[in-house]
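Please read the structure below before turning to the comments.
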Amino acid sequence: MTLQELAKSRGKAKVAIAARVDGALVDLSRPAPENGEVAWVTPADPDGIEIVRHSTAHVMAAAVKELFPDARITIGPSIENGFYYDFDVESPFTPEDLARIEEKMAEIVRADLPFTREVVGKEEARGRFPGEPYKEELLADIPDETVSLYRVGNFLDLCRGPHVPSSGKVGVFKLMNTAGAYWRGDSKNRMLTRIYGCAFASKKELDAHLALLEEIKKRDHRRLGKELDLFSVNDDIGAGLILWHPKGSVVRRIMEDFWRNEHARAGYDLVFSPHIAKLDLWRVSGHLDYYRQSMFGSIEVEGQDYQLKPMNCPFHIQIYKSKLRSYRDLPVRYAELGTVYRYEPSGTLHGLLRVRGFTQDDAHLFLRPDQLDEEIFSLLDFTLFVLQRFGFDRYDVFLSTRPEKYAGTPENWAKAEEALKKALERKGLPYEVDPGEGVFYGPKIDIKIKDMLGRSWQCSTIQVDFNNPERFDAVFTGEDGTSHRAIMIHRALMGSLERFFGVLVEHYAGAFPVWLAPVQVDVLPVTDRQSDYVRDVVSRLRAEGFRTEGDFRNEKLGYKIRESQLRKVPYALVVGDREEAQRQVAPRKRGGEQLPPMSIEEFLEKLRGEAEQTTH
RNA sequence: GCCGACGUAGCUCAACGGUAGAGCAGCUGAUUCGUAAUCAGCAGGUUGCCGGUUCAAUCCCGGCCGUCGGCUCCA
């Protein structure tokens, strides 16, 4: 008896698309186990939808092969929300091609063709893919003696499976776009054409996903940056170089002020360093060996090579080294909003999130070895405090360990990894290990914040460095009167101000909380009879430090309200004859909520309270 | 950097091998208005840049710059 028949007898045939037997996911065409221990897998299960997506990829490949027999097939896995399949074709698919492929897929789904599985020897499998060099290459790399092949209609593919029993079980899907992708993800290989699609168990889920994509589009910081006049990039200035407009600059200034105040309070010394330095500095630091391809070209000055700085650390080290340091002086903490320049390939630039010039909220801490654990621990506290202030209280923590290409000794690496681990555990933060993802000079803790839509953004990083103190000979005089090597921590909390700002824009969908809003209050006269009083109100609010604008244009109230709302100003104060007579204002929140008229003092009180919050 | 798409007024977009049009924004005037767009008029463009084909290019071709979707990368 097959699982399919068993499913039928148990009334599960309609919903089951695969089964879990002894922990393994299997096709329903497989024999049912003697003892009958079976867990049915449906499209509603995480495993189930993954199978559906994978099968959808096969259906798509089947459609492509019918329409474009010359297309060479490669691989096609399921991914988050859907699937893709990579093809080697002479000319990439056009949007019209996608529509045709989608139609053909619908045909295959309607025909409800069975997915059949067969297991063959590797040698035999080779003969089954004539004219498919990629499949041959894949086969050559499989160590097993036998492989499984799946057929749907005329389309045969090398595949581990499992799959849905028939193409009719493929759910709701939509082809999204095409993209170039290197064979096996290696930029030295041929570029293939990838088709992305999304697939879900129900129309409702697909619609929800498309709605989410719409929402993401609406929140896109590049779009909002233009609409709200926050920043721009300019062809004549250069790709990846950000112009902060006045409104964006207000937000940045507030971010910076907050950052400086909190750092001064937390025992940091604030420093400044130049934008260029002799190339040799980065030879010593090791950056040249490891990251030359990410640095801008050097600048020759009077026979000496200078370099636009890609990092701030060597400068801070030199400040540290400018005099003898006692063990009593440590930890020394230097913090700087340091603007660095990195050559990012043109194709990777993306709004504020990936740029060529950016300002790191950088700091370098110089410690005695016995201070490492404690310092990392309090650093974690500090980091989470700062993130929380900006409205982020959900995050994932990663511990990245030694990469293939590294500097320093394995012993020091182990020590540093241990220190980071200990701090995380003491703090009770759940974390994941990212093996091999450390920086060349040391392991790190990365904190990825989650925004309102649940998307993750890498911002904070805490990196231990035994390497640079050695290269630059950063030392302190110990209690014993001899020289000891300092340990360094590199850390950034927001990461880059540009990037963090971009994330903030998307997090709040441009509707910044009161404390960050570029304009906090619009005061709107109903007619120009109230002009004088409104001018009064504006200057009262400004005197209290609130960013306030009066809208004296010759427009109707509805027009001014609409504009205020579109600019996402937290409060619009409506002022007509009634309010003026009572020396009041009528506040309207940006969401549309109308508050009862109140005195300016009352409104100020309310505003002060909200400016303390991060979420309004 | 690689593959593909795209680049038209400040913004969003339309049109075309014979030197371009709408809405919004802007300016001028009228209107003095109560919680998401008052009306009318005016003005606005070397169609990203450079070169080629053509009697003629914004349109076709090539190069460059930039943007977008991915891939690779991301100290």
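The chains referred to below are lettered A, B, ... by the order of the sequence lines, with proteins before strands, and numbering in each begins at 1.
Atom-to-atom, NZ of A/K174 to P of B/rG69 comes out at 17 Å; the value is rounded to the nearest Å. We find that CZ of A/R194 is positioned 18 Å from P of B/rA5, with the value rounded to whole Å. Look at CG on A/L524: it is 16 Å from P on B/rC33, rounded to the nearest Å. Between the CD atom of A/Q360 and the C1' atom of B/rC74 there is a distance of 12 Å, given to the nearest Å. Distance, A/E227 CD to B/rC24 C1': 13 Å, rounded to whole Å. Regarding A/L349, its CG atom lies at a distance of 15 Å from the P atom of B/rC74, rounded to whole Å. Rounding to whole angstrom units, NZ of residue A/K226 and C1' of B/rC13 are separated by 13 Å. The distance from atom CG of A/D236 to atom P of B/rG10 is 13 Å, rounded to the nearest whole Å.
Considering only side-chain N and O atoms, A/R190 lies nowhere under 4.0 angstrom from the phosphate OP1 or OP2 of B/rC3. Distances shown here put every side-chain N or O of A/R222 at or beyond 4.0 Å from the OP1 or OP2 atom of B/rC11. Taking only side-chain nitrogens and oxygens, A/H350 comes nearer than 4.0 Å to OP1 or OP2 of B/rG69. At B/rC71, none of the side-chain N or O atoms of A/S187 fall inside 4.0 Å of OP1 or OP2 (strictly under the cut-off). OP1 and OP2 of B/rG70 both lie 4.0 Å or more from every side-chain N or O belonging to A/Y182.
When distances run from any side-chain atom of A/M311 to the nucleotides B/rA75, B/rC74, B/rG69, the shortest one goes to B/rA75. Taking only side-chain atoms of A/M191, from C-beta outward, the nucleotide of B/rC2, B/rC33, B/rC74 with the closest atom is B/rC2. Between B/rA75, B/rU67, B/rC74, one nucleotide has an atom nearer to the side chain of A/Q463 than all others, and that is B/rA75. Of all nucleotides listed (B/rG70, B/rU67, B/rG4), B/rG70 comes nearest to the side chain of A/A179.
Looking at A/R283 and A/D305, no side-chain N of the basic residue comes within less than 4.0 Å of a carboxylate O on the acidic one, giving no salt bridge. Using a 4.0 Å cut-off between a side-chain N of Lys or Arg and a carboxylate O of Asp or Glu, A/D551 and A/R553 qualify as a salt bridge. A salt bridge does not link A/K217 with A/D220: every distance from a Lys NZ or Arg NE/NH1/NH2 to an Asp or Glu carboxylate oxygen is 4.0 Å or more. At a threshold of 4.0 Å, the pair A/E498-A/R354 does not count as salt-bridged, since none of the basic side-chain nitrogens sits closer than that to a carboxylate oxygen. Using a 4.0 Å cut-off between charged nitrogen and carboxylate oxygen, A/E580 and A/R529 do not count as a salt-bridge pair.
Comparing the same atom, P, in B/rG7 and in B/rG48 gives a spacing of 8 Å after rounding to whole Å. Remark: the separation of the P atoms in B/rA43 and B/rA37 is 29 Å, to the nearest Å. Separation of the P atoms belonging to B/rA57 and B/rG17 is 15 Å when rounded to the nearest angstrom. The gap from the C1' atom of B/rC3 to that of B/rA75 amounts to 28 Å, rounded to the nearest Å. Distance check on atom C1': B/rC2 versus B/rU72 gives 8 Å, rounded to whole Å. The C1' atoms of B/rU58 and B/rU19 are separated by 8 Å, rounded to the nearest whole Å. A gap of 30 Å separates the P atoms of B/rU53 and B/rA15, to the nearest Å. Between the P atoms of B/rG62 and B/rC27, the separation comes to 44 Å (whole Å).
Residue-level contact check: A/S294 touches the bases, meaning some heavy atom is under 4.0 Å from a base atom. Nucleic acid contact class of A/G347 (heavy atoms, under 4.0 Å, all strands): base. Using a 4.0 Å heavy-atom cutoff across all strands shown, A/D577 reaches at least one base atom of the nucleic acid.
Residues A/M105 and A/A63 approach most closely at CG-CB, 3.7 Å, considering heavy atoms.
Near RNA chain B, meaning a heavy atom under 4.0 Å from it, residues 437-446 of chain A has A/V439, A/Y441 in order of number.
Projected onto RNA chain B by closest heavy-atom contact, A/P95 and A/E344 fall at different nucleotides, the more 5' of which corresponds to A/P95. Positionally, the nearest nucleotide of RNA chain B for A/F93 lies more toward the 5' end than for the other of A/F93 and A/Y341.
Checked by distance alone, A/R499 brings no side-chain donor or acceptor within 3.5 Å of a matching partner on the base of B/rC74.
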Notebook entry, point to check: Dot-bracket for RNA chain B: what is it, with Watson-Crick or G-U pairs under 3.5 Å, [ ] where a pair crosses earlier ones, and | for a pair to another strand?
Noted result: (((((((..((((....[..)))).(((((.......))))).....(((((..]....))))))))))))....
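Listed by chain and number, the residues in a salt bridge (Lys or Arg N to Asp or Glu O under 4.0 Å) with A/R562 amount to none (sequence neighbours excluded). Remark: A/R485 engages A/D473 in a salt bridge (Lys or Arg N to Asp or Glu O under 4.0 Å) (not counting sequence neighbours). Annotation: salt bridge (Lys or Arg N to Asp or Glu O under 4.0 Å) contacts of A/R292 (sequence neighbours excluded): none.
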Item checked: Protein-to-nucleotide contact annotation, 5' to 3' order, nucleotides 35-50 of chain B [B base; S sugar-phosphate only; - none; under 4.0 Å, heavy atom] -> BBBB------------
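Other residues, nucleotides and ligands contribute only 12 or fewer heavy atoms inside 6.0 Å of the NZ atom of A/K174. Within a 6.0 Å sphere centred on NZ of A/K421, other residues, nucleotides and ligands contribute 12 heavy atoms or fewer.
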Next item on the list: Show your working on side-chain contact (heavy atoms from CB on, under 4.5 Å) between A/W259 and A/L497 and close with a plain yes or no.
Entry: CA-CA 11 Å; A/W259 186 91; A/L497 294 183; over 6 Å; no
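Below 30°, between 30° and 60°, or above 60°: for A/F500 and A/F392 the angle between ring planes is above 60°, a perpendicular geometry.
Between the side chains of A/Q584 and A/R578, no donor-acceptor pair is found at a separation under 3.5 Å.
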